[in-house]
Asker: 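Below you'll find the structure I mean.
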Amino acid sequence: MGLPEIVDFARNFAVMVRIQGPDPKGLKMRKHAFHQYNSGKTTLSASGLLLPDTLYDADLANRILEGKSQGLGLVVTVASVIEPFLSSKHRESISQSRPELIPGAQIDVMAEGKSDLRNGADGGLDKGTSHWLRAQVIRLVDVPLSSLALQSLVEASSGSMNHGWEVGWSLASPENGSQSFMDVVQTQTEHGNASIAESQRRAREESSNPSIMGKSTTRVAILGVFLHLKDLPNFEISASSRRGDFLLAVGSPFGVLSPVHFFNSLSVGSIANCYPPRSSDISLLMADIRCLPGMEGSPVFCENSNFIGILIRPLRQKSSGAEIQLVIPWEAIALACSDLLLKEPQNAEKGIHINKENLNAVGNAYSSSSDGPFPLKHEHHISYCSSPLPVEKAMASICLITIDELVWASGVLLNDQGLILTNAHLLEPWRFGKTTVNGGEDGTKLQDPFIPPEEFPRYSEVDGHEKTQRLPPKTLNIMNSSVADESKGYKLSLSYKGPMNIRVRLDHADPWIWCDAKVVHVCKGPLDVALLQLEHVPDQLFPTKVDFECSSLGSKAYVIGHGLFGPRCGFSPSICSGAVSKVVKAKAPSYCQSVQGGYSHIPAMLETTAAVHPGGSGGAVVNSEGHMIGLVTSKARHGGGTVIPHLNFSIPCAVLAPIFDFAKDMRDISLLQNLDRPNEHLSSVWALMPPLSPKPSPPLPSLPESILQDYEKQVKGSRFAKFIAEREKLFRGTPQLGKAKSISSVIIPSKL
């Protein structure tokens with residue numbers, strides 16, 4: 001099924017939820033990125049899912065609404081859009097009883113109009129147009145599986161120096177609102193005698209309590225809407241979710257502001273990660289998808305038009321502003337409301353409900369005939385046991401690196417002898433504008449040392465699972481600051497004098513394996529690369545496959561690494577998808593003759609639109625075939641420190657050819673020394689300077705002599721450096737808000 005067909009199918013089930021009610025003091029829009037406020041009334045909106053009648057108990061729904069209509073449909077949306085208008089009794093505690101709204105509040109749902117709407121059946125509305133339908137709240141539902149997963153993520157990140165996480169869109173921060181909390185701190189709310197200060201206290205408690213945060217973020221609302229679902233098709237529930245799988249979300253960003261422009265807009269992406277990792281029972285999905293406020297509640301479908309789950313508000317890192325879109329799988333929602341919702345569609349004709357649990361097979365198992373170490377998921381007999389995607393297979397070569405138990409980053413396994421490629425700035429940050437090994441934007445720091453739990457084997461430990469077929473690891477002899485492997489016939493000096501306790505987590509095995517590592521080489525030239533060597537090398541490693549060809553613009557690119565989520569979170573590598581947006585070339589060094597193919601210039605820098613987050617340094621950029629095309633090195637930030645995840649820079653594999661040649665037998669150390677030589681062409685590329693000209697540019701007679709002289713002085717890139725210096729000076733001299741000084745009218749652009 002092509003994308004247009006998937007879109008047409010998904011739009012049948014996407015709706016917009018609007019709630020409006022009295023708000024004389026304008027307090028109900030706080031924490032919401034957008035709203036409408038007029039004459040003491042606030043209007044909020046979100047997206048929602050219109051359920052086929054095969055996924056719920058229609059008789060129970062009618063009984064809850066006291067049998068008001070036989071043409072009842074159910075809509076699932078996020079509870080956060082409803083909760084501001086709940087009565088004080090129902091706002092304090094969530095119960096199985098039907099929630100009540102404050103007097104004057106009203107909920108409406110906008111549907112596509114492809115179902116046989118009650119008004120349309122009477123000829124009052126045109127078929128195929130969008131319509132507003134009155135809705136009522138049936139139930140608010142906590143989703144324990146997803147809330148516990150989110151709580152675990154937040155708690156696991158509590159030791160990070162990145163100041164933790166919060167939930168919500170970046171546009172919805174209380175400080176961004178038109179009416180500050182402090183401006184109305186003495187104002188009384190319309191319910192009870194609680195002051196705004198008390199509301200602030202509850203908000204702070206929610207943001208600092210991972211349990212409360214998890215529950216409130218994953219809570220959903222079930223609405224009843226009166227319509228006939230005669231023409232609404234049925235959908236299947238996705239049997240499995242894998243990293244890298246296609247996603248389609250249909251929602252209404254900013255929909256309440258202008259439904260004509262925003263109703264049921266599309267967003268496509270892929271699954272970045274799953275929680276818990278390495279499990280067939282997924283309770284939370286991380287989506288690599290671009291979404292906007294108002295899309296919470298959107299239904300999410302896969303490439304086969306099977307339904308996956310509901311999009312909720314994102315998880316946002318406080319320091320960088322990076323947002324992680326979250327999806328609650330349908331199974332977790334249905335399990336939390338099992339008396340009303342069904343995990344699998346029931347057969348409408350025969351009234352038979354397919355119980356998925358009765359059809360489960362073994363679960364996760366390793367297949368001796370598969371070409372990778374990935375679990376095959378046997379969800380039920382009608383699901384397919386597909387082989388791993390090429391990109392998913394590439395994840396076996398990505399590892400997690402910790403330095404001094406405080407900093408984590410990513411690395412790429414180059415051979416079956418335990419040689420790992422990563423970034424030099426993790427080991428020598430002072431060369432890249434960082435003062436300590438624990439600082440900076442790409443080496444993500446933990447506040448407290450991370451000690452791997454006992455269930456993870458270290459070095460040669462073997463897990464206790466009886467079904468595991470992993471062979472005992474081979475051991476490298478450590479002697480006289482060198483690594484020697486007699487079976488491979490090489491000996492490599494490890495004479496690096498830096499700090500550090502370096503540990504590497506290999507994710508290809510189940511459970512993961514932790515190994516100590518030593519520094520083999522840190523590049524002293526213009527390229528930000530370093531090599532590590534595992535002290536104990538397990539068998540059955542899966543080194544990366546490399547593609548030295550120049551990537552074509554617009555071709556698919558996937559970034560695989562451990563961005564944002566460190567070792568405490570227990571995540572496998574995440575996948576973020578995008579495209580190659582720019583290939584910057586430079587004069588080919590002499591040592592790249594083996595891959596340059598007779599060309600005088602080779603790729604020196606890759607720019608991609610795939611998201612790169614803190615901790616992703618040293619990860620791999622791979623193509624659709626799962627072959628590595630670049631090493632993730634750096635990303636961009638605004639002058640205020642906010643990360644620009646979709647503007648990032650990677651070192652192409654072609655310019656790293658000496659490293660891959662060395663990795664073949666690890667004998668000729670002179671190959672690595674080639675990278676230490678100065679190279680003004682590569683240096684200018686990675687300094688973000690204009691390309692070097694072999695001879696001065698021709699004079700420009702129409703310009704004044706003074707301008708010509710300035711141009712000659714700045715031809716080698718100092719113009720860019722001067723621009724940065726001027727911007728830095730301007731930023732430092734900008735008056736702070738709130739002080740009695742005039743604010744400059746100069747528009748300050750983003751600084752990278």
Side-chain angles (χ1 to χ4, degrees), residues 412 414-415 419 421-425 431-432 520-531 543-557 559 579-608 617-623 625 627-634 648-697 715-718 720:
V412 183
L414 298 185
N415 59 23
L419 187 67
L421 175 65
T422 187
N423 288 139
H425 72 249
R431 291 174 49 200
F432 302 89
V520 172
H521 183 78
V522 177
C523 178
K524 301 302 182 183
L527 299 180
D528 183 5
V529 292
L531 290 174
T544 187
K545 296 180 180 180
V546 184
D547 188 344
F548 294 109
E549 295 293 328
C550 180
S551 301
S552 57
L553 296 183
S555 59
K556 291 291 291 184
V559 169
V580 176
S581 58
K582 180 69 175 179
V583 179
V584 182
K585 295 185 178 182
K587 184 178 179 180
S590 58
Y591 58 75
C592 290
Q593 293 179 357
S594 60
V595 297
Q596 71 184 73
Y599 296 102
S600 60
H601 289 70
I602 63 170
M605 174 189 285
L606 290 181
E607 298 175 22
T608 76
S617 292
V621 183
V622 303
N623 57 21
E625 287 73 39
H627 296 166
M628 180 178 174
I629 59 175
L631 178 75
V632 177
T633 298
S634 58
N648 49 77
F649 310 98
S650 304
I651 305 175
C653 289
V655 79
L656 297 176
I659 288 179
F660 295 103
D661 289 339
F662 171 78
K664 294 176 182 178
D665 56 17
M666 299 176 65
R667 292 179 182 272
D668 188 0
I669 194 68
S670 65
L671 292 171
L672 302 181
Q673 294 171 353
N674 287 327
L675 297 175
D676 293 338
R677 299 172 183 170
N679 187 306
E680 59 182 7
H681 299 282
L682 293 179
S683 296
S684 67
V685 169
W686 283 97
L688 298 183
M689 292 182 178
L692 298 176
S693 302
K695 54 185 178 180
S697 301
V715 70
K716 289 192 175 182
S718 60
F720 183 84

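Along the sequence shown, residues carry numbers from 1. Values below: all heavy atoms of this structure, side chains included; hydrogens, waters and symmetry mates excluded.
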Asker: To the nearest 0.5 Å, what is the distance between OG on S650 and CE on M628?
Answerer: 8.5 Å

Asker: In Å and rounded to the nearest 0.5 Å, what is the CE to CG distance from M605 to L527?
Answerer: 10.0 Å

Asker: Any chance you could lay out the side-chain contact (heavy atoms from CB on, under 4.5 Å) test for E607 and V584, step after step, and finish with the verdict?
Answerer: CA-CA 8 Å; E607 298 175 22; V584 182; 4.0 Å; yes

Asker: Under 3.5 Å, is there a donor-acceptor pair between the side chain of S555 and the main chain of V580?
Answerer: no

Asker: Step by step, would you call H425 with S617 a side-chain contact (heavy atoms from CB on, under 4.5 Å)?
Answerer: CA-CA 9 Å; H425 72 249; S617 292; 3.4 Å; yes

Asker: Say whether, by atom type as modelled, one donor and one acceptor occur between the side chain of T633 and the main chain of L631 under 3.5 angstrom.
Answerer: yes

Asker: To the nearest 0.5 Å, what is the distance between CG on N423 and CD1 on I651?
Answerer: 6.5 Å

Asker: How long is the straight-line distance from CG of L414 back to CG of L419, given to the nearest 0.5 Å?
Answerer: 5.0 Å

Asker: Can you name the residues that form a side-chain hydrogen bond (donor to acceptor under 3.5 Å, both in side chains) with T608, not counting sequence neighbours?
Answerer: N648

Asker: Calculate, to the nearest 0.5 Å, the distance between atoms CD and NZ belonging to E625 and K556 respectively.
Answerer: 12.5 Å

Asker: Checking D676 side chain against K524 main chain: does a donor-acceptor pair fall under 3.5 Å?
Answerer: yes

Asker: If only atom types and distance count, is the side chain of D547 paired as donor or acceptor with the main-chain N or O of I629 below 3.5 Å?
Answerer: no

Asker: Check for a donor-acceptor pair, side chain of W686 on one end and backbone N or O of D528 on the other, with a separation under 3.5 Å.
Answerer: no

Asker: Quick one: pull up CG in L531 and CD1 in I659 and give me the separation to the nearest 0.5 Å.
Answerer: 5.0 Å

